[in-house]
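Proteins come first, then strands; the chains are lettered A, B, ... in the order of their sequence lines, and each starts at number 1.
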There are 2 protein chains.
Amino acid sequence: MLAGEYSHNIDPKGRLTIPSKFRKVLGTEFMVTKGLDKCLSIYPESEWKRMEEKLREMSLTTNQVARKFIRFMLGSAVEGGLDKQGRILLPQPLKAYAGLDKEVVLVGVMDRIEVWDKDKWEQNQAHDEPNIELLASEMEEMGLSI
Amino acid sequence: MLAGEYSHNIDPKGRLTIPSKFRKVLGTEFMVTKGLDKCLSIYPESEWKRMEEKLREMSLTTNQVARKFIRFMLGSAVEGGLDKQGRILLPQPLKAYAGLDKEVVLVGVMDRIEVWDKDKWEQNQAHDEPNIELLASEMEEMGLSI
DNA sequence: CAATAGGTGGGGGAAAGTGGGGAATTTTGC
DNA sequence: GCAAAATTCCCCACTTTCCCCCACCTATTG
């Protein structure tokens, strides 16, 4: 399972080191794509397959919302490769979407890695953490006991 | 079951000794994550599995509340490894969240361990203990009789 | 009071992250 | 079609962080 938060830098050549803890889970085959809330998502091959399946089911319903969502997810997807130092090269459009510059935060979220611009991540944190007890109680209503 | 309260120090290298009483219950596999009320929570593997399952179900619904909460819980979580001295290394983001510096208090709470900044813990105690009878009666109103 | 167990601290080797030179490949422009 | 430019990726070097090991200190126990 992917978890944890790591601050890394995109170097002048546009390369980003994947934390070694994550590399062990990711393997060599993975997908980089636009994520929700203006971050990037990196899915291990297996998880990606699972999602593709889901999206495939949805597309059968051929409603416009699903079509748009699928375009969003798949349109931006790129197969990732690691260099021998464990780094990926981020395509310009993806960097632009997530507003990535130099300092980024890599966050393990269960089945994927999210890549955030550091400032944006910290702003979100600052915004959400004061309300986390409220969030927690909503989660409890949804059936989670902590 | 985890119970009791221990004062320990985080050493200059950021390491925290887990009380040996707790180690016996924790085993070698556990998760450290942000808890409510600005403390850290350490869950034994079994407890964590239970929560993970719940979170995974919810993540499918992809509603924003769940997404934020999962980021909160997992984003910062780390798999615990104890060194040969029975210590964990606390990542900076977790220390920052709980305001941990040097003196901390480890509290056994049923199925998890909470880690508090010592000052904060004592303040909370000082604040809550005089009112504990009131708290108890509030609990009773909620249907929780002891 | 010795002996043991638990907690604290630091040295040092190994691993991870960072950055840059430069070769190989692809893309671009004439 | 070919040279120039850009891109990608391998390699090496440096720095930082992690984690093993050992040593010491303190409290508890026989």
Side-chain angles (χ1 to χ4, degrees), chain A residues 2-32 40 42 77-96 100-108 113-118 121, chain B residues 2-33 40 42 76-96 100-108 113-118 121:
Chain A
L2 292 157
E5 178 186 331
Y6 300 85
S7 275
H8 280 182
N9 293 322
I10 296 179
D11 73 19
K13 291 185 179 181
R15 296 171 298 188
L16 172 63
T17 304
I18 305 295
S20 71
K21 288 261 172 62
F22 289 171
R23 278 186 305 227
K24 281 164 193 150
V25 183
L26 261 191
T28 51
E29 305 277 317
F30 53 87
M31 276 288 189
V32 187
L40 300 184
I42 304 179
V78 186
E79 279 189 61
L82 291 176
D83 70 13
K84 289 270 167 88
Q85 274 65 38
R87 297 175 286 198
I88 56 173
L89 193 58
L90 290 172
Q92 187 52 38
L94 290 180
K95 272 198 295 188
L100 304 183
D101 177 25
K102 181 164 195 282
E103 295 188 290
V104 304
V105 178
L106 294 120
V107 189
I113 299 165
E114 291 185 349
V115 186
W116 291 77
D117 173 66
K118 187 166 190 172
W121 173 253
Chain B
L2 293 157
E5 177 186 331
Y6 298 85
S7 274
H8 280 181
N9 292 321
I10 297 179
D11 74 20
K13 288 186 179 182
R15 296 172 299 189
L16 172 63
T17 304
I18 304 295
S20 69
K21 287 266 171 57
F22 288 171
R23 272 179 291 190
K24 281 162 194 152
V25 182
L26 263 190
T28 51
E29 305 278 318
F30 53 88
M31 273 286 184
V32 188
T33 186
L40 302 183
I42 306 179
S76 53
V78 274
E79 283 188 58
L82 290 176
D83 68 15
K84 291 270 166 90
Q85 274 64 38
R87 296 175 287 196
I88 56 174
L89 188 61
L90 290 174
Q92 187 52 39
L94 287 180
K95 274 196 297 187
L100 304 183
D101 178 25
K102 184 164 194 283
E103 295 187 288
V104 304
V105 177
L106 295 118
V107 190
I113 299 166
E114 289 185 353
V115 185
W116 291 79
D117 173 66
K118 187 166 191 174
W121 173 254

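- Here dG19(C) is the nucleotide among dG10(C), dC18(D), dG19(C) with the atom lying nearest to any side-chain atom of P12(A).
- Of the candidates D117(A), I113(A), L94(A), L40(A) forms a side-chain contact (heavy atoms from CB on, under 4.5 Å) with just one, namely L94(A).
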Using the 3.5 Å cut-off, write out each protein N or O paired with an N or O of nucleotides 26-29 of chain C and the distance between them.
none

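- Within a heavy-atom distance below 4.0 Å of DNA chain D, no residue of residues 16-25 of chain B is found.
- At a threshold of 4.5 Å between non-hydrogen side-chain atoms, the residues W121(A) and V107(A) count as touching.
- D101(A) pairs by the side-chain hydrogen bond (donor to acceptor under 3.5 Å, both in side chains) definition with nothing, not counting sequence neighbours.
- Applying the side-chain hydrogen bond (donor to acceptor under 3.5 Å, both in side chains) test to K118(A) and every residue at least two apart in sequence or in another chain returns S7(A).
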Quick one, give me the B/S/- string for nucleotides 21-28 of chain D, reading 5' to 3', where B means a protein heavy atom under 4.0 Å from the base and S means that only happens at the primed atoms, P, OP1 or OP2. BB------
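- Other residues, nucleotides and ligands place no more than 12 heavy atoms under 6.0 Å from the NZ atom of K21(A).
- Between the CD1 atom of I10(A) and the P atom of dG17(C) there is a distance of 15 Å, given to the nearest Å.
- Atom CH2 of residue W116(A) and atom CG of residue L100(A) lie 10.5 Å apart, to the nearest 0.5 angstrom.
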Could you walk me through whether V32(A) and V115(A) pass the side-chain contact (heavy atoms from CB on, under 4.5 Å) check? CA-CA 10 Å; V32(A) 187; V115(A) 186; over 6 Å; no
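- The base of dG12(C) sits with one of its N or O atoms less than 3.5 Å from a complementary donor or acceptor on the side chain of K13(B).
- What you find for A3(A) and F22(A) is that their closest heavy atoms are O-CE2, 3.3 Å.
- Straight-line distance from the NE2 atom of H8(A) to the C1' atom of dA16(C): 8 Å, rounded to whole Å.
- Between the CG atom of L106(A) and the C1' atom of dG17(C) there is a distance of 12 Å, given to the nearest Å.
- At its two ends the helix from dC1(C)-dG30(D) to dC30(C)-dG1(D) runs along axes set 20° apart, each axis drawn from five pairs and the angle rounded to 10°.
- When the P atom of dC19(D) is taken as reference, atom CG of D11(B) falls 13 Å away, rounded to whole Å.
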Can you give me every donor-acceptor pair (side chain of residues 82-93 of chain A, partner residue at least two apart or in another chain, under 3.5 Å) with its distance?
unit_1	atom_1	unit_2	atom_2	d
D83(A)	OD1	Q85(A)	N	2.8
D83(A)	OD1	G86(A)	N	3.1
D83(A)	OD1	R87(A)	N	3.0
D83(A)	OD2	R87(A)	NE	3.3

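- Here E114(A) pairs with R112(A), R71(B) under the salt bridge (charged side-chain N to carboxylate O under 4.0 Å, His left out) rule; sequence neighbours left out.
- A 4.5 Å side-chain heavy-atom check between N9(A) and E103(A) finds at least one atom pair inside the cut-off.
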Pairs of donor and acceptor atoms involving the side chains of residues 10-17 of chain B, under 3.5 Å and at least two apart or interchain, shall be tabulated with distances.
unit_1	atom_1	unit_2	atom_2	d
D11(B)	OD1	K13(B)	N	2.8
D11(B)	OD1	G14(B)	N	3.1
D11(B)	OD1	R15(B)	N	3.1
D11(B)	OD2	R15(B)	NE	2.7
D11(B)	OD2	R15(B)	NH2	3.0

